Number of protein chains: 2
Amino acid sequence: MDATDKAILLLLQKNGKITIKEIAERLNLTTTPIFERVKKLEREGFITSYKAIVDRKKVNLQLIIFCNVTLNLHQTDFLKKFEKDIQQFPEVVECYHVAGMFDYLIKIYAKNMEEYQQFLSNKLASLENISKVQSSFVMTEVKTLSHLPL
Amino acid sequence: MDATDKAILLLLQKNGKITIKEIAERLNLTTTPIFERVKKLEREGFITSYKAIVDRKKVNLQLIIFCNVTLNLHQTDFLKKFEKDIQQFPEVVECYHVAGMFDYLIKIYAKNMEEYQQFLSNKLASLENISKVQSSFVMTEVKTLSHLPL
DNA sequence: GATAAATAAAGAATATAATTCTTTATAAAT
DNA sequence: ATTTATAAAGAATTATATTCTTTATTTATC
């Protein structure tokens, strides 16, 4: 992991479709070393995957909600059960077990408020073991870095 | 946006490096229609970009912290100022203006606790207008969908 | 119901990029 | 100084993306 590898990661994080040729030009090298370095970064797990980023509004997911969840019971079995249940819901795009004021932080994408209400009433709230749910509705996405600060 | 487009988006979200040829095979079509549909999805903004996903632990970002921030003053100017300041910090990978118990939710990546403490003391807390900061430390990433639920 | 227009897909041909292989340079070690 | 290892260069090959032309399918109009 030298400076060249880091530069490659930065370029690929910004644009996963950048060609080996173009990386080579930018870093003043030929395609072979770049090709081999990229393959090594993939092989060694620095790059886990490549993904197309889809515009959520274009596919009608207008709402982002962060939900702080507090459980009643905190024995391992109950945590595992909750984590397994939450995985199933397609609305939940992220879920973190956190140490802090609440137990879990979950991020939800919904088409509209009705869909979110359905999720909350029929899905989340109907899990056993849920003690409290506190929702935060995203008004503006101030910063959304999809690349890591290397 | 028909069923084929949706299927293409699902495949590209999972694997941005999938070839036109392979998409074609999976959807029982030839490369031409797939190529043109992908270009259309890009042109019309459904696909905003392609990115390489980098393993944060591999690049030594061991901690994820969610930070709930409450401001003192909520006039437009003060909000804008805070939003501008928060953008500068490389540690902050996401920031949302939310309606709920707090004003802003920020997501932070840090190498270790010391780095986070430095960020909190020297950077975040030194912004004017900050009233309260409540940190939640991620213990486990239960679910991290990097693709939208289409 | 027949015809025309539009849309989508197929097939072939070309251009571009990825990948492999061989050679050369550079740096580190004995 | 000589060997060994590492990294990069250059050329050749393979695979994929891209373009162009043709064919099928659907939709609209008379």
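Every chain is numbered from 1, with letters handed out A, B, ... down the list of sequences. Source: prediction; values computed, not measured.
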Pairwise ring-ring contact (aromatic ring centres under 6.0 Å, His included) hits with a residue in residues 48-80 of chain B, at least two apart: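 Found Tyr96(A)-Phe66(B).
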What is the separation between atom [atom1] on [X] and atom [atom2] on [N], rounded to the nearest whole Å?
{"X": "Leu27(B)", "N": "dA10(C)", "atom1": "CG", "atom2": "P", "value": "11 Å"}
{"X": "Lys21(A)", "N": "dT16(D)", "atom1": "NZ", "atom2": "P", "value": "19 Å"}
{"X": "Ile20(A)", "N": "dA8(D)", "atom1": "CD1", "atom2": "P", "value": "13 Å"}
{"X": "Asp5(B)", "N": "dT7(C)", "atom1": "CG", "atom2": "C1'", "value": "13 Å"}

Residues Asp2(B), Lys6(B); criterion salt bridge (Lys or Arg N to Asp or Glu O under 4.0 Å); working and verdict: CA-CA 6 Å; Asp2(B) 61 7; Lys6(B) 202 170 152 183; over 6 Å; no
Salt bridge (Lys or Arg N to Asp or Glu O under 4.0 Å) pairs, two or more places apart, involving residues 18-29 of chain A: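 Those involving residues 18-29 of chain A are Glu22(A)-Arg26(A).
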Spatial distance of atom CG (Asp85(A)) from atom NZ (Lys80(A)) [nearest 0.5 Å]: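 Separation between the atoms: 13.0 Å.
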Pairwise 5' ranking along DNA chain D for Asn28(A) and Ile18(B), keeping only the more 5' one: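 Its nucleotide being nearer the 5' end, the pick is Asn28(A).
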Tyr104(A) versus Glu83(A), side-chain donor and acceptor atoms under 3.5 Å: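 A donor-acceptor contact under 3.5 Å links the two side chains.
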Residue pair Ile8(A) / Leu41(A): nearest heavy atoms and the distance that separates them: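 Smallest heavy-atom distance, with atoms named: CG2-CD1, 4.0 Å.
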Residue-level proximity of residues 29-54 of chain A to DNA chain C when a heavy atom falls under 4.0 Å: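 Within residues 29-54 of chain A, the residues near DNA chain C are Thr32(A), Phe35(A), Lys39(A).
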